[in-house]
> 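Quick one: the structure is below, and I'll ask about it shortly.
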Amino acid sequence: MTDTSPGTGTQSALDKTFDPAAIEAKWYAHWEANGLFRPHRPAAEPFTIVNPPPNVTGSLHIGHALDNTLQDVVVRYERLRGKDALWVVGTDHAGIATQMVVERQLEAAQDKRANYTREDFIAKVWDWKAESGGTITRQLRRLGCSMDWSREQFTMDPHFTKAVVKVFVDLHREGLIYRDKRLVNWDPKFKTAISDLEVETREVQGQMWHFKYPLADGQTYRYVERDAEGAVVLDEQRDYIAIATTRPETMLGDGAVAVHPGDARYSAIVGLLCEIPVGPKAQRRRIPIITDSYPDPAFGSGAVKITGAHDQNDYGVAQRNGIPLYRLMDEAARMRTDGSDYESSAARAGQLAAGATGSSAEIDEINLVPPAYRGLDRYAARKLVVADIDAEGLMLGVEDKVIMQPFGDRSGVVIEPMLTDQWYVNAAELAKAPIAAVRSGAIEIVPKTWEKTWFNWMENIQPWCVSRQLWWGHRIPAWYAPDGAIYVAEDEAAAQAKAGPDVTLTRDEDVLDTWFSSALWPFATLGWPEAQSSPSTCDGEVDRLQGETEGSRPRRITPPSVAKATATTPSQVDGEDQSLLAKHYPNDLLISGFDILFFWCARMAMQGMHFNAGQVPWKRLYLHGLVRAADGQKMSKSKGNVVDPLLLIDQYGADALRFFMASMESQGRDVKMDERRVEGYRNFATKLWNAARFCQSNGIAASSDLNAPNATSAVNKWIIGEVSETLAALDSAMAELRFDAAANIIYHFVWDQFCDWYIELIKGSFDDETKVVAGWVLDQILVMLHPFMPFVTEELWSKLGDRAHYPLITAKWPKPGVGVDTEAKAEVEWVIALVGNLRTAKNELGIAPGAKLDAYLPEPSEATRGIIERNGGAVERLARLNGIRFEPAPAGAAMQIGAGDANVVIPLEGVIDIAAEKVRLTKALEASTKEARSLDGRLSNPAFVEKAKPEAVEKARADHALHAAEATRLAAALARLG
RNA sequence: GGGCGUAUAGCUCAGUGGUAGAGCACUAUGUUGACAUCGUAGGGGUCGCAAGUUCAAUCCUUGCUACGCCCACCA
């Protein structure tokens, strides 16, 4: 029967098989209920990680499993090392994603958002959050993640909203947030602006049309085209200029045709007007032919139509040349129906083309969509435009062409560049500090290769569009007066105070980009901004004990000037009262997938440094890759190749999945899913379980001492030394965040050193010393393995002895220890080599594994005799010998087994075919001779001896001696067989 | 067009300036006081290709090839 209650630290018997499911839930509940994820350690050195907040309504996918395993490994490691380890956890409101989910639910019920008021719809989203919000946090618990749930946060908690508002208001006051009308990436499905990062440019099969734009008033010019050598290939009179476009529907909004200033073909007509060949014939619009550096004379006809309001490139040309921007579409990317009628719009545009000027409001009134096109979808309009031009004979041709097209990463629809008013963050200014921080090492990026990406992106950063035309999110704290004046303030009262009592204010309808708020995660979760001025009221410890929720705490608004001044000087009170922010910011480490490097990490650095007096959000940034499907493909729902981590946990246990993730995480490489490997680590847990069970059944109990016990036997001294070496290697791997190395180190120690050799070697003699040492080693294993496999280790820890009750999760990490006893190490390694050689020889000769053989060791050296006397029993047991006699073997055929300088003789008369042994010896002799000869060749090369490092020469000499001696011995043995 | 990464055993991956390792798979085997989710032994690789540097290159340099990713305004 499995004990279903957490252990009390009292020894109790282990089941024969390890059943992860039986222990995982009970231990997790025990840890959490007892506050062990963040034990009270006010005086301890802090260690802080914030968890990338998952979408509140999401569920755990394999990428989360990797990300959170790595974090938990680090956090558990640091907690065991005695630090005040804080792992901040919470969820993200995920604006677009969550609103999308709820809207989809409405659609499924034949309903839609438009049927609701803003308040009612938001209430529906909150309902959905309440319903599904616990899913992912439950799943993180199943993975064993030791987050501080007592301080769980949500990016729309009241205190978080306050932080967001303060950041917006402050940045606005500093001029780093501003409202601007420019071309944004407009998502016609969600009817909102999105940032550059949310646009995915994909190659699609498209078409490029070539049209004639007739010159005004029937003018003509001589068009001369030359080839690369300058020879004339075409010379004709033309009454048009040829234009190529992939988007004919935007022709309606053309403001000019541009050619390169050095393009001789068109120099004669620059400054003239040409006619856009669409729309009612009587009102064809005329636009000027201008020069700009943008057109490439070598591409197409060299002439580009300029639609400033619907194309990023054209926008730049239009800005440089004062070309009006005519908006053609509505929020759903349909040809607009608002504004002026076509006739007056076209007339007004004609005046503008001729040099008149107009305000942007006036220009926005101009609707250049002819009546026949109004209200059409952009693609329907395209078809019609093409058909109309073609019918008029003005189409020069059409070609199929692969074009780069922007898509909304969430909506999957083609993004339409649109001219709208939005809020922008001056990212270039905020990026300066993070660039410098990485350059100076204040932020260390691991692996280092990402630094270049960091610099490259930050140094070329564009203004960040942060307003979204959504309902779910942090509403922008800006109010508008009827005259268009904008008041940005903490709340409506403050805005009203600024505007004066008689002004009717209307709040901005938009919300902020989700990443604007998650950028504050490393400090807003720690009580910023209040924490800076009132540390004692915002202490996390107090919160936990009182069980208060974040939102219910009293808050005081801090004037920004005070906040800034105090940010640099963390309060000097002791740990107990010190504010969380002062103690845990900067965070020590951030672990994140590289896929959100720009979205999240970069923005955290920008906001974090700006609002914390230049202090970095985290000292190290570790970026891991993607988890891919077994075939190397990206996992996606549409491909149907997603692997559910929870199913893996069900099947193999959380420990196995975690160990898989850690062992596969080598820096700078994606993790390929390999279920068999997960299975292998389940087996590893079972192996450990059985080793512990064996120890327990032999009276080996938990150690009560942190320090290594005193040992006299070589085997015990050796294993203590191995622990020491393993610990050092593990610590160094952890320091470098080499998760794969760390996992492999502990894996091999447990399986190879402890199970395969130590336990086998001590099976003969469970003396008191050995029991103590074995118990101590097992304890060290449990502690060292705990960050990777918390459940099985905690269970074993509790079952293995009457230790004063304390759980493994808050045990103490091993101390560097006594080091390695080189003599004992050499002795045990000699025994291991001898046993190995004996086994190999027996196997190769086909001797029955169970056959017990006689062994002779004539004239052993003093040292060898001692080793045999001390370890003979083990050798006999492991290699199936009848005993080793220190006397010459009887005459006759025998096999010779070497170990170090000793040569064990096993008589083979009546045991085995002598010919087989001859073959074996001959093969071994050849191998030794080949090795020796190769080394000899190197050593007889004067260049090697002179130029190579002395150690290398020395090693070659020693190896040569070893192989030469072995060859001699084997040759002698062969000779003896006759 | 820029930038980055990867190419090592059948598969998935470590690794090092001195003739290569792990897990799984494979072959043989089942004796030893836990473990067949196991034990023991074994086979298997001119470390993508080419040139260079070096006494010595899988590792450093350059070029090439293949695959992958990110960024970028060619209508």
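Given the structure is predicted, the values throughout are model-derived calculations rather than measurements. We name chains A, B, ... by the order of the sequence lines, and we start the count at 1 in each one.
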> Compare the minimum distances between each of A34(B), G33(B), U12(B) and the side chain of Asp674(A), then state the nucleotide with the smallest one.
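Closest of the options to the side chain of Asp674(A): U12(B).
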> Would you kindly check whether a donor in the side chain of Glu844(A) faces an acceptor in the base of A28(B), or vice versa, at under 3.5 angstrom?
no
> Given A72(B), A75(B), C13(B), which nucleotide is nearest the side-chain atoms of Val304(A)?
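Given the options A72(B), A75(B), C13(B), the side chain of Val304(A) is closest to A75(B).
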> Nearest to the side chain of Lys672(A), heavy atoms from C-beta on, is which of U12(B), A75(B), G18(B)?
U12(B)
> Could you work out which one of U37(B), C35(B), G33(B) sits closest to the side chain of Thr686(A)?
U37(B)
> Does the side chain of Arg677(A) get closer than 4.0 angstrom to OP1 or OP2 of U37(B) through an N or O atom?
no
> With a 4.0 Å limit, can you tell me whether Asn683(A) has a side-chain N or O closer than that to the phosphate oxygens OP1/OP2 of C38(B)?
yes
> Of all the choices, A75(B), U31(B), U19(B), which nucleotide is nearest to the side chain of Arg938(A) once you look at every atom?
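My answer, after comparing the listed nucleotides, is U19(B).
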> Please compare Lys763(A) and Arg839(A) by the position of their nearest nucleotide in RNA chain B and report the one closer to 5'.
Lys763(A)
> As a test of reading the structure: which of C73(B), A14(B), C38(B) is closest to the side chain of Ser666(A), going by heavy atoms?
A14(B)
> Tyr294(A) has a side chain; which of U19(B), C74(B), C35(B) sits nearest to it?
C74(B)
> Which nucleotide sits closest to the side chain of Ala244(A): A75(B), C55(B), U31(B)?
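Nearest to the side chain of Ala244(A) among the choices is A75(B).
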> Check every atom of U40(B), C13(B), G18(B) against the side chain of Asp756(A) and return the nucleotide holding the closest atom.
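From the listed options, U40(B) comes nearest.
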> Per the atom types in the model, does the base of C4(B) pair as donor or acceptor with the side chain of Lys452(A) at under 3.5 Å?
no
> Does Arg880(A) place a side-chain N or O at less than 4.0 Å from the phosphate oxygens OP1/OP2 of G30(B)?
no
> Are the charged groups of Asp263(A) and Arg265(A) less than 4.0 angstrom apart, N to O?
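Yes.
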> Side chain of Asn698(A) only, heavy atoms from C-beta on: which candidate in G18(B), G33(B), A72(B) is closest?
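Shortest atom-to-atom distance from the side chain points to G33(B).
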